[in-house]
Novice: 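One structure coming up, written as structure tokens, with questions to follow.
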Amino acid sequence: MENVIVMFPSLGMGHLISMVELGELIITHDPSLSITILLTPTHYETTSTANYIKTVTGTTPSITFHHLPPLHHPPHSSIPFFDLVYQLINQYKPIVGDTLQVISEKSTIKAVILDFLSNNAFEVCRSLNITTYYLFTGGAFSAGIMLYLRTVLPNLPGSLKDLKCYIEAPGTPPIYSRDMPLTMHDRNSDSYKNLISTSENMAKCSGVIVNTFAGLEPRVMKALANGEYVKDGPTPPTYYVGPLIKGNSGDNNGDDKCLEWLSLQPSKSVVVLIFGSLGKLKKDQLMEIANGLEKSEQRFLWVVRNPPPENEKGHVFELKDPDLDELLPAGFLDRTKEKGLVVKNWAPQGEILRHESVGGFVCHCGWNSVLEAMHAGVPLVAWPLYAEQKMNRVHLVEGIKVALKLKMSEEGFVTAEELAERLRELMEEESGRKIRDHVLEMSVCAKAAMVDGGSSRVAIAELVESLKSVRV
Ligand code: UDP
């Protein structure tokens, strides 16, 4: 029977891409393996996700997408993203169990690789005696923090939301309690319990596959290797296989406007502003960014979306066309037409960052975006919005020093003056130069990791060896 690796990504483009890229690396290394990717129905997703799946299906036949049937009562898309994904996987447990049984009638399942957000499927795999690995889409820093949560959080004197303290984790600068993800703030919340469960399960899984590369996070990798994050037993084997980022095709949707425009700009002159797959900013913040861009006098490529719905009840993935004349200051588009390009909703970020004209990136600190920037050698201004992004900012600004910090209010508001100053610093000033140079070194490391004999290829070989040695 054919040997198959089953993968279970989470919702969200970033999570899906990392999983697919990992699958491609595994089968490239060992074509005797095949990959089945379980997908929950696409009713939460954007069209770009559907396009991406279509492209992969067309180009990589050894990767099969298995669409799980719809639930009768799926969680409503208006609940917070984190709770949505955990509830969703929880409801899918029996279906996943049945699906694994059906797959195992025709193939030998060597292992399941779970996205850490698909943690609720861990017990299903265990009950079927299937060896389980985790793919950690967030880098060694957040993998370490995830493994450490079960040690550090229960031992604090209360919930993070009630404390003003610093979290000291091995190999990282101290993280202010309020900068930890909101999902960890309340001990009595479901999200907290889900995270502790993920931390527990990850510590006992067969391996943690991490989307990072040697050279980017050396202090954290050393602490992981020394077992400093798992105090009560062995740390599971870690595989640093990244950067798992999308290649040239698949996200452009036939729209080359951005790349054509970039080709007309001078080398390393353009600042890119894109806020992840879910980032939406309020109208006053959009106005302020526009004013900041004008003040900075930098060239820019900016993806603008509609503000989040007032009552927070909107569909998280919904992307209706924004009315730019209504959202941006009067005359802004006209005044900046020589220097800037505003794109509605979505742009081919990977290809944009790799373009020679790009010199800086205002980034929401989502890990895929960070890796795409590191690979391309583009320095960052950190503008965290949601999830673990404030925690990532500490790592990016103080830990690995690839980003400048933006001053923001408690509510996360950034003034036009602050944005303009940081953009000038990043693009033109001496203090920005240190970061620019360091990021160029990271780009060399990222590329070296992915060629034959590079550290990430060696890690893939070790991972495949481990997957194949599983006795079924
Ligand atoms: N992305 C893109 N175009 C956009 C916005 C996002 O191609 O306009 C891609 C981006 O290149 C990255 C992913 O979506 O690969 C976002 O993942 P990340 O981990 O950075 O953030 P998340 O969306 O998970 O918060």
Side-chain angles (χ1 to χ4, degrees), residues 258 261-262 264-276 279-305 307 322 324-344 347 349 352-353 355 357-366 369-370 373 376-385 389-390 392-393 396-398 401-439:
C258 298
W261 181 82
L262 282 171
L264 303 173
Q265 311 307 316
S267 170
K268 297 207 182 303
S269 68
V270 176
V271 181
V272 174
L273 299 92
I274 305 182
F275 295 93
K280 291 178 181 172
L281 299 169
K282 292 188 178 153
K283 183 174 169 180
D284 58 348
Q285 184 66 83
L286 293 173
M287 289 278 182
E288 202 75 8
I289 292 180
N291 292 332
L293 289 172
E294 281 199 83
K295 274 188 209 304
S296 78
E297 299 181 347
Q298 304 296 322
R299 290 171 197 274
F300 64 87
L301 189 159
W302 178 21
V303 170
V304 174
R305 298 191 178 133
L324 297 180
D325 291 328
E326 202 267 321
L327 290 172
L328 303 178
F332 171 78
L333 291 172
D334 205 39
R335 285 195 301 281
T336 57
K337 65 175 186 284
E338 301 298 327
K339 285 203 136 176
L341 180 69
V342 175
V343 182
K344 292 180 183 180
Q349 180 179 297
I352 289 172
L353 291 175
H355 199 284
S357 301
V358 171
F361 180 23
V362 177
C363 176
H364 75 309
C365 306
S369 298
V370 170
V378 180
L380 308 175
V381 170
W383 186 324
L385 290 178
Q389 294 155 12
K390 282 193 185 156
N392 283 353
R393 174 179 60 187
L396 299 171
V397 173
E398 296 167 43
K401 299 189 171 56
V402 294
L404 289 176
K405 184 174 180 175
L406 268 180
K407 277 195 216 83
M408 40 180 68
S409 72
E410 285 241 330
E411 295 74 41
F413 191 79
V414 177
T415 63
E417 291 71 26
E418 171 66 9
L419 178 62
E421 259 179 55
R422 288 293 77 72
L423 292 185
R424 274 198 297 267
E425 181 180 356
L426 187 76
M427 301 295 279
E428 294 171 8
E429 288 170 18
E430 187 53 26
S431 50
R433 196 174 59 77
K434 279 198 194 135
I435 290 183
R436 295 196 295 274
D437 289 350
H438 184 50
V439 170

Novice: Measure across Ala382 and Val397 and return the closest heavy-atom pair with its distance rounded to 0.1 Å.
Specialist: CB-CG2, 4.3 Å
Novice: Any heavy-atom pair between the side chains of Val304 and Val343 that's under 4.5 Å?
Specialist: no
Novice: If you define the side chain from C-beta out and look only at heavy atoms, does anything of Asp334 sit under 4.5 Å from Lys337?
Specialist: yes
Novice: Roughly how far, to the nearest 0.5 Å, is CZ of Phe413 from CG of Leu406?
Specialist: 12.0 Å
Novice: Minimum heavy-atom separation for Glu417 to Lys295, with atom names?
Specialist: OE2-CE, 3.3 Å
Novice: Please determine whether side chain to side chain contact (heavy atoms under 4.5 Å, CB included) holds for the pair Cys363 and Val381, giving the CA-CA distance in whole Å, both sets of side-chain angles, and the decisive distance to 0.1 Å.
Specialist: CA-CA 6 Å; Cys363 176; Val381 170; over 6 Å; no
Novice: Give a yes or no on whether Lys344 atom NZ has more than 12 heavy-atom contacts from other residues, nucleotides or ligands under 6.0 Å away.
Specialist: yes
Novice: What I'd like to find out is whether the side chain of Val271 reaches to under 4.5 Å of the side chain of Arg299, using heavy atoms alone.
Specialist: no
Novice: Can you name the closest pair of heavy atoms from Cys258 and Leu341 and give their distance?
Specialist: CA-CD2, 3.9 Å
Novice: Is any side-chain N of the basic residue among Glu428 and Arg433 closer than 4.0 Å to the acidic one's carboxylate O?
Specialist: no
Novice: Any side-chain heavy atom of Leu353 sitting closer than 4.5 Å to one from Phe361?
Specialist: yes
Novice: Among Ile274, Thr336, Leu273, which residue meets the side-chain contact (heavy atoms from CB on, under 4.5 Å) test with Trp302?
Specialist: Leu273
Novice: Kindly assign one of parallel, tilted or perpendicular to the pair Phe275 and Trp383, based on the angle between their ring planes and the thresholds 30° and 60°.
Specialist: perpendicular
Novice: Under a 4.5 Å cut-off applied to non-hydrogen side-chain atoms, are Phe300 and Val342 in contact?
Specialist: yes
Novice: Checking Glu326 against Lys283 for the side chain to side chain contact (heavy atoms under 4.5 Å, CB included) test, could you report, in this order, the C-alpha distance in whole Å, the side-chain angles of both residues, the deciding distance, and whether it holds?
Specialist: CA-CA 9 Å; Glu326 202 267 321; Lys283 183 174 169 180; 2.9 Å; yes
Novice: Could you pull out the closest heavy-atom pair between Arg436 and Leu426, with the gap in Å?
Specialist: NH1-O, 2.6 Å
Novice: Taking atom CG of Leu423 and atom OG of Ser296, what is their separation to the nearest 0.5 Å?
Specialist: 5.0 Å
Novice: Would the distance check show the side chain of Ser267 and the main-chain N or O of Ser357 forming a donor-acceptor pair, the cut-off being under 3.5 Å?
Specialist: no
Novice: Roughly how far, to the nearest 0.5 Å, is CG of Asn291 from OG1 of Thr415?
Specialist: 10.5 Å
Novice: Gln285 and Val414: side chain to side chain contact (heavy atoms under 4.5 Å, CB included), yes or no, with the steps?
Specialist: CA-CA 7 Å; Gln285 184 66 83; Val414 177; 4.1 Å; yes
Novice: So which heavy atom on Pro384 is nearest to which on Met408, and how close?
Specialist: CD-CE, 4.0 Å
Novice: Give a yes or no on whether a salt bridge exists between Arg424 and Glu429, defined as a side-chain N under 4.0 angstrom from a carboxylate O.
Specialist: no
Novice: Looking only at heavy atoms, which two atoms of Glu425 and Ser431 are closest? And how far apart?
Specialist: OE2-OG, 2.8 Å
Novice: Are Ser369 and Gln349 linked by a side-chain donor-acceptor pair shorter than 3.5 Å?
Specialist: yes
Novice: Taking the side chain as C-beta and beyond, is there a heavy-atom pair between Leu404 and Leu380 under 4.5 Å?
Specialist: no
